[in-house]
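Count residues from 1 along the sequence. Heavy atoms only: backbone and side chains are in, while hydrogens, waters and symmetry mates are out.
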Amino acid sequence: KPLRHVAIQHTTNGWLIAALTDDRRLLLGRFDAKRNLLTGKTHVEQDITQLPSLPDNADIVEMQLDDRAKHLVIATKQSGLILVDITDPQHASIREGVSTGADAITDMTFLVGTGSVVVGTDTGRIEQWLLVRNEQNVYHLVKVREFEKLKGAINTLSAEYARRGFWAADDQGSIGIYFATSHRTLLIDEVGHKAFDHLAISPINGHALLTAADGNTQLVSVWNKHP
């Protein structure tokens with residue numbers, strides 16, 4: 001069946017790939033490549049597991065895997081975040097979903113370290129949700145911060161590679177640059193008049209590529225030294 005959504009993460013034990021199929025099956029694949037030093041040949045071991053079914057009304061926007069191979073976080077258009085425990089894929093479980101409010105979620109991404117996710121909505125709101133343990137030592141998602149909003153709907157979010165900073169772009173040509181740890185808004189600026197569908201940050205945080213809906217790509221430079 002065709003795949004509707006895919007999440008990919010590299011872990012210490014190989015690659016994880018989660019996928020939602022067109023017939024709404026939620027699958028998790030583990031892939032580990034091993035190279036024979038004598039022959040030079042590479043052998044890939046794979047294990048595909050079907051995870052528990054999602055609620056019928058869950059309209060998926062984005063999926064993200066953490067780098068410890070413990071959690072799959074799913075964002076839905078119904079303003080919901082669903083946490084799936086994949087520590088043991090054969091006995092995976094779906095935690096109780098949480099609501100982010102009345103706005104529809106439009107994008108989501110893990111920040112560096114994959115301990116928290118940033119969520120964007122159709123009204124320009126941006127929130128940070130943290131993975132924390134409750135009194136029963138079970139992980140759940142808790143909202144910890146809300147950042148200065150953009151004018152339009154959040155089309156794309158992109159996390160920095162080495163810091164807990166991130167960028168957001170909306171459907172009116174504006175970008176926002178934020179730092180989560182200190183809850184700071186570093187910049188909000190209009191860099192175009194078209195919606196940005198894709199955003200990629202350079203590893204040293206000095207440049208970003210913005211791609212509009214018509215395929216036009218724009219390079220922006222920014223001075224954003226630590227701290």
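The backbone N or O of Gly120 sits less than 3.5 Å from a side-chain atom of Thr106, completing a donor-acceptor pair. Listed for the Ser79 side chain is a donor-acceptor partner under 3.5 Å among the backbone atoms of Asp103. In this structure, the side chain of Asn36 engages the main chain of Leu38 through a donor-acceptor pair within 3.5 Å. For the pair Asp32 (side chain) and Glu45 (backbone), a donor-acceptor distance under 3.5 Å is absent. Remark: the backbone N or O of Gly206 is paired with a side-chain donor or acceptor of Ser202 at under 3.5 angstrom. Between the Lys77 side chain and the Val61 main chain, no donor and acceptor come within less than 3.5 Å of each other. A donor-acceptor pair under 3.5 Å is formed between the side chain of Tyr178 and the backbone N or O of Glu148. Of the possible polar contacts, one joining the Arg145 side chain to the Ala180 backbone as a donor-acceptor pair under 3.5 Å is found. Side-chain atoms of Thr185 never come within 3.5 Å of backbone atoms of Leu187 as a donor-acceptor pair (strictly under, hydrogens ignored).
Remark: Trp223 CH2 to Leu186 CG distance equals 10.5 Å, nearest 0.5 Å. Atom CD of Gln46 and atom CZ of Arg30 lie 13.5 Å apart (nearest 0.5 Å). Put simply, CD on Glu62 and CG on Asp107 are 5.5 Å apart, with the number rounded to the nearest 0.5 Å. How far CD of Glu160 is from CG of Asn205: 3.5 Å, rounded to the nearest 0.5 Å. Rounded to the nearest 0.5 angstrom, Leu130 CG and Tyr139 OH are separated by 9.5 Å.
Using a 4.5 Å heavy-atom cutoff, the side chains of Ile8 and Ile17 are in contact. A 4.5 Å side-chain heavy-atom check between Gln128 and Leu111 finds at least one atom pair inside the cut-off. Side-chain contact between Gln218 and Phe196: present, with at least one pair of heavy atoms (C-beta onward) separated by less than 4.5 Å. Residues Ser53 and Arg24 have side chains not in contact (no heavy-atom distance under 4.5 Å, counting atoms from C-beta outward). Side-chain contact between Gln64 and Met108 is present, with at least one heavy-atom pair separated by less than 4.5 Å. Considering only heavy atoms from C-beta on, Asp66 stays 4.5 Å or farther from Gln9 through its side chain. Side-chain contact check for Val112 versus Arg163: every heavy-atom pair is 4.5 Å or farther apart. Contact check for Leu141 versus Val132: no side-chain heavy atoms found under the 4.5 Å cut-off.
Under the 4.0 Å criterion applied to side-chain N and carboxylate O atoms, Asp22 and Arg4 are assigned as salt-bridge partners. A salt bridge links Asp85 with Arg95; the closest basic N to acidic carboxylate O contact falls under 4.0 Å. For the pair Glu146 and Lys143, the salt-bridge criterion is met [side-chain N within less than 4.0 Å of a carboxylate O]. Between Asp214 and Lys194, at least one side-chain N (NZ, or NE/NH1/NH2) sits under 4.0 Å from a carboxylate O, which counts as a salt bridge.
Within 6.0 Å of CD1 on Ile204 lie no more than 12 heavy atoms contributed by other residues, nucleotides or ligands.
Sorted by first and then second residue, the salt bridge (Lys or Arg N to Asp or Glu O under 4.0 Å) pairs with a member in residues 130-142 form an empty list; sequence neighbours excluded.
Ring to ring, Phe179 and Phe147 are not that close: their centroids are 6.0 angstrom or more apart.
Val73 and Val6 fall into different hydrophobic clusters, where Ile, Leu, Val, Met, Phe, Trp and Tyr side chains are chained together by heavy-atom contacts under 4.5 Å. No chain of hydrophobic side-chain contacts below 4.5 Å, direct or via other Ile, Leu, Val, Met, Phe, Trp or Tyr residues, connects Val138 to Leu81. Transitive grouping of hydrophobic side chains (ILVMFWY, heavy atoms separated by less than 4.5 Å) keeps Ile177 and Val118 in distinct clusters. Under the 4.5 Å side-chain heavy-atom criterion for Ile, Leu, Val, Met, Phe, Trp and Tyr, Val191 and Trp167 are members of the same hydrophobic cluster. Note on Leu131: it does not cluster hydrophobically with Leu157, by side-chain heavy-atom contacts below 4.5 Å among ILVMFWY residues.
Asn155 and Asp170 form no side-chain donor-acceptor contact under 3.5 Å, judged by distance and modelled atom types alone. Thr76 and Asp59 are not linked by any side-chain donor-acceptor pair at a separation below 3.5 angstrom, with hydrogens and angles left out of the test. Side-chain contact check for Thr114 and Asp67: at least one donor-acceptor pair (N or O, by modelled atom type) lies under 3.5 Å. At a cut-off of 3.5 Å, with distance as the only test, a side-chain donor of Asp23 or Thr21 sits close to an acceptor on the other residue. Checked by atom type, the side-chain pair His207/Ser221 shows a donor-acceptor distance below 3.5 Å.
Of the residues Thr156, Leu210, Val222, the one that meets the side chain to side chain contact (heavy atoms under 4.5 Å, CB included) test with Ile175 is Leu210.
Contact between Ile105 and Ala75 at its shortest, heavy atoms only, is CG2-CB, 3.9 Å. Closest of all the heavy-atom pairs between Pro52 and Ala92 is CG-O, 3.2 Å. Closest heavy-atom contact between Leu3 and Ala19: CD2-CB, 4.0 Å. Nearest heavy-atom pair across Ala200 and Ser158 is CA-OG, 4.2 Å. Contact detail for Leu150 and Ala168: the closest heavy-atom pair is CD1-O, 3.9 Å.
Clustering of Ile, Leu, Val, Met, Phe, Trp and Tyr by side-chain heavy atoms under 4.5 Å joins Ile60 with Leu16, Leu20, Leu26, Leu28, Leu51, Leu54, Met63, Leu65, Leu72, Ile74, Ile82, Val84, Ile86, Ile94.
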* Test side-chain contact (heavy atoms from CB on, under 4.5 Å) on Thr49 and Asp47 and set out the steps. => CA-CA 7 Å; Thr49 305; Asp47 181 33; 4.0 Å; yes

* Residue pair Leu209, Leu199: steps toward the side-chain contact (heavy atoms from CB on, under 4.5 Å) verdict -> CA-CA 6 Å; Leu209 284 174; Leu199 166 63; over 6 Å; no

